[in-house]
Amino acid sequence: MAIEDDVLVIGGGLAGATAALAAAEQDVRVRLVTYKQSTLRHASGLIDILGYTPEGEGPIVDPYETLEDLPEGHPYERVGSEAVREALAFFDEIAGDAYAGSHTDANALVPTHGGTVKPTARYPVSTADGLASDVRDTLLVGFETLTDFEAPLAAEHLAAAGAPFAARGVTVSFPGIVRDDAKVTRYAHLLDHDETVTTGDGETGAREALATTVREHLEGETRVGFPAILGDEHADEVRADLADALGVDVFEVPMGPPSLPGMRLEDLLYDALEDAGVRTASGVPVIGYETGGESGEEARIDHVVVDRHGAEIPYRADQYVLATGGLVGKGVRSERERVFEPIFECHVPHAEERYDWFVDDVFGAQPYARFGLPADRELRPLDANDEPEFSNLRAAGAVLGGYDFAAEKSGAGVSLATGYVAGTRAGEEGDK
């Protein structure tokens with residue numbers, strides 16, 4: 001017997017979670033299945049809409065002013081700027097007070113661990129006191145055992161980028177950690193639970209020990225930036241305690257993977273899925289599908305086949321959303337002779353000659369960066385004749401083509417907007 005739902009979302013990242021939550025708003029039965037662990041834990045946790053134009057111009061101050069000028073086929077052009085606004089408002093409701101930035105249409109400029117500045121629309125509250133538009137002098141603190149964040153170098157890069165404040169960087173030892181292979185979750189756990197650590201002055205709590213270590217390096221700065229490891233379950237409390245002990249504002253600098261802000265965002269979304277009654281299953285790849293319908297009708301997916309611990313289980317729904325990611329997430333794959341979508345074999349436009357998939361200039365506009373599914377304005381994937389592949393399939397997130405999310409700084413925004421639209425449309429259709 002097939003497992004039955006109104007809407008089945010395939011993929012558990014930001015696009016998939018958003019699609020499932022949007023579909024659930026239509027009061028239908030929604031299920032989300034995902035094979036691999038969400039890529040959210042590798043993301044910065046920042047919610048970007050559009051930081052740069054497709055031509056590389058920017059940073060953009062107001063992304064909405066640029067959305068109307070995007071080329072045909074770009075995911076934002078498919079859904080329209082109003083849907084982008086609605087999707088961001090939908091995210092604001094889900095995130096609550098965990099994220100900041102909803103007071104303005106303008107991008108915020110958030111310093112990153114490399115000393116660059118990223119334009120973004122929403123950002124975790126843990127980064128709010130570190131915005132590059134803030135003129136307060138800043139001390140950046142790195143740790144000897146956390147080599148991904150070179151605080152002195154990051155401070156130099158910020159100065160070279162023209163940041164309107166003085167920044168210094170120092171590298172100190174992290175109380176209680178001596179190994180350089182400790183996971184970021186270990187740092188967070190120490191601070192979350194304020195574990196007892198041994199210092200030169202005896203034993204004390206990890207938070208006080210860290211504040212004592214940093215305090216002697218302050219030279220009048222009124223804010224201190226740490227790598228994003230300041231707690232997980234009790235991150236707000238950890239930050240507040242450090243700020244009180246140091247007498248300055250404390251913020252986190254977004255890091256590369258694995259990313260605690262990304263993990264926090266994943267937890268936030270999956271808590272919302274549970275609250276919305278969305279059934280979720282992880283570690284279950286979709287390995288096939290069957291079509292149904294009468295002869296002459298539009299192709300329609302009847303059910304998919306899921307590998308659940310070696311057993312092939314049919315999952316049937318009225319509507320489907322594909323949110324499996326792009327080349328990085330393996331939602332789009334390439335072989336020597338072709339580029340393809342592996343679950344439904346949807347059309348992926350690409351040059352026949354493999355050497356035309358890229359250009360020699362490593363900083364140039366790479367054709368492969370735009371690989372993905374073309375879609376109509378309902379986000380239904382299109383075949384080579386610009387006809388919908390299936391009448392009840394929509395796509396969302398990085399599996400869509402027509403844009404370069406890394407160059408545009410638009411990845412999270414496209415996932416939100418297309419996930420919201422695909423999920424809403426699927427929920428509306430699944431309710432009929």
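Keep in mind the model is a prediction, meaning the values are calculated, not measured.
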**Request:** Output yes when Arg31 and Asp5 qualify as a salt bridge under the 4.0 Å nitrogen-oxygen rule, no when they do not.
**Result:** yes

**Member of Val224, Val110, Thr138 meeting the side chain to side chain contact (heavy atoms under 4.5 Å, CB included) criterion with Phe251** = Thr138

**Asked** Sub-3.5 Å donor-acceptor pair from the side chain of Asp404 to the main-chain atoms of Arg370, do we have one?
**Response** no

**Message:** Distance check, rounded to the nearest 0.5 Å: Leu146 atom CG versus Phe174 atom CZ?
**Reply:** 9.0 Å

**Item:** Within the 6.0 Å centroid threshold, strictly below: His113 and Phe149
**Value:** no

**Prompt:** Does a side-chain heavy-atom distance below 4.5 Å link Arg377 with Glu77?
**Reply:** yes

**Message:** Quick check for you: to the nearest 0.5 Å, what is the distance between Tyr123 atom OH and Asn107 atom CG?
**Reply:** 10.5 Å

**Prompt:** Looking just at side-chain N and O atoms, do His189 and Glu195 make a donor-acceptor pair shorter than 3.5 Å?
**Reply:** yes

**Request:** Supply the atom-to-atom distance Leu21 CG to Glu93 CD, rounded to the nearest 0.5 angstrom.
**Result:** 11.0 Å

**Prompt:** Would you find more than 12 non-hydrogen atoms of other residues, nucleotides or ligands less than 6.0 Å from Tyr35 atom OH?
**Reply:** no

**Request:** Write down the atom of Val321, the atom of Ala396, and the distance for their closest heavy-atom approach.
**Result:** CG1-CB, 4.4 Å

**Request:** Anything under 30° is parallel, anything over 60° is perpendicular, the rest tilted; go ahead and classify His193 against His234.
**Result:** perpendicular

**Message:** Checking His350 now: which residues fulfil ring pair (Phe, Tyr, Trp, His ring centres under 6.0 Å) with it, not counting sequence neighbours?
**Reply:** Trp357

All N/O donor-acceptor pairs, side-chain side in residues 124-133, below 3.5 Å, sequence neighbours left out:
{"unit_1": "Ser126", "atom_1": "OG", "unit_2": "Glu252", "atom_2": "OE1", "d": "2.8"}
{"unit_1": "Thr127", "atom_1": "OG1", "unit_2": "Pro124", "atom_2": "O", "d": "2.9"}
{"unit_1": "Asp129", "atom_1": "OD1", "unit_2": "Arg136", "atom_2": "NH2", "d": "3.4"}

**Prompt:** Quick one: does Ser259's side chain have a donor or acceptor within less than 3.5 Å of a partner on Ala43's backbone?
**Reply:** yes

**Asked** Do Thr145 and Tyr187 get their side chains close enough for a donor-acceptor pair, meaning under 3.5 Å?
**Response** yes

**Prompt:** Using 4.0 Å as the upper bound for N to carboxylate O, is an ion pair formed by Glu208 and Arg215?
**Reply:** yes

**Message:** Check whether Tyr320 reaches the backbone of Val7 with its side chain - one donor and one acceptor, N or O, closer than 3.5 Å.
**Reply:** no

**Message:** Given Gln319, which partner from the list Arg394, Arg425, Glu428 fulfils the side-chain hydrogen bond (donor to acceptor under 3.5 Å, both in side chains) test?
**Reply:** Arg394

**Message:** Restricting to side chain to side chain donor-acceptor pair (under 3.5 Å), what partner residues turn up for Asp92, sequence neighbours left out?
**Reply:** Arg122

**Request:** State plainly whether the residues Glu237 and Arg207 are in salt-bridge range, i.e. N to O under 4.0 Å.
**Result:** yes

**Prompt:** Between Asp236 and Arg239, does at least one N-O distance fall below 4.0 Å, as a salt bridge requires?
**Reply:** yes

**Asked** Distance-only, no hydrogens or angles: does the Asp62 side chain make a donor-acceptor pair with backbone N or O of Ala106 under 3.5 Å?
**Response** no

**Asked** Salt bridge between Arg85 and Asp105, side-chain N to carboxylate O under 4.0 Å?
**Response** yes

**Asked** Is the backbone N or O of Leu158 less than 3.5 Å from a side-chain atom of Glu156, with the two atoms forming a donor-acceptor pair by type?
**Response** no

**Donor-acceptor under 3.5 Å (Ser415 side chain, Gly411 main chain)** = yes

**Complete:** CD1 (Ile313) and CG (Asp307) are apart, to the nearest 0.5 Å, by 9.0 Å

**Message:** Is the ring pair Tyr76/His74 parallel, tilted or perpendicular, if the boundaries are 30 and 60 degrees?
**Reply:** parallel

**Prompt:** Do you see a donor-acceptor pair shorter than 3.5 Å between the side chains of Ser81 and Glu68?
**Reply:** yes

**Request:** Please answer whether the main-chain N or O of Glu144 pairs with a side-chain N or O of Thr171 as donor and acceptor at a distance below 3.5 Å.
**Result:** no

**Asked** Does Arg223 count as lying over the ring of Phe165, i.e. NZ or CZ under 6.0 Å from the six-ring centre, within 45 degrees of the axis?
**Response** yes

**Prompt:** Around atom CD of Glu312, are there more than 12 heavy atoms of other residues, nucleotides or ligands at under 6.0 Å?
**Reply:** no

**Asked** How long is the gap from CG on Leu322 to CG on Leu379, to the nearest 0.5 Å?
**Response** 11.5 Å

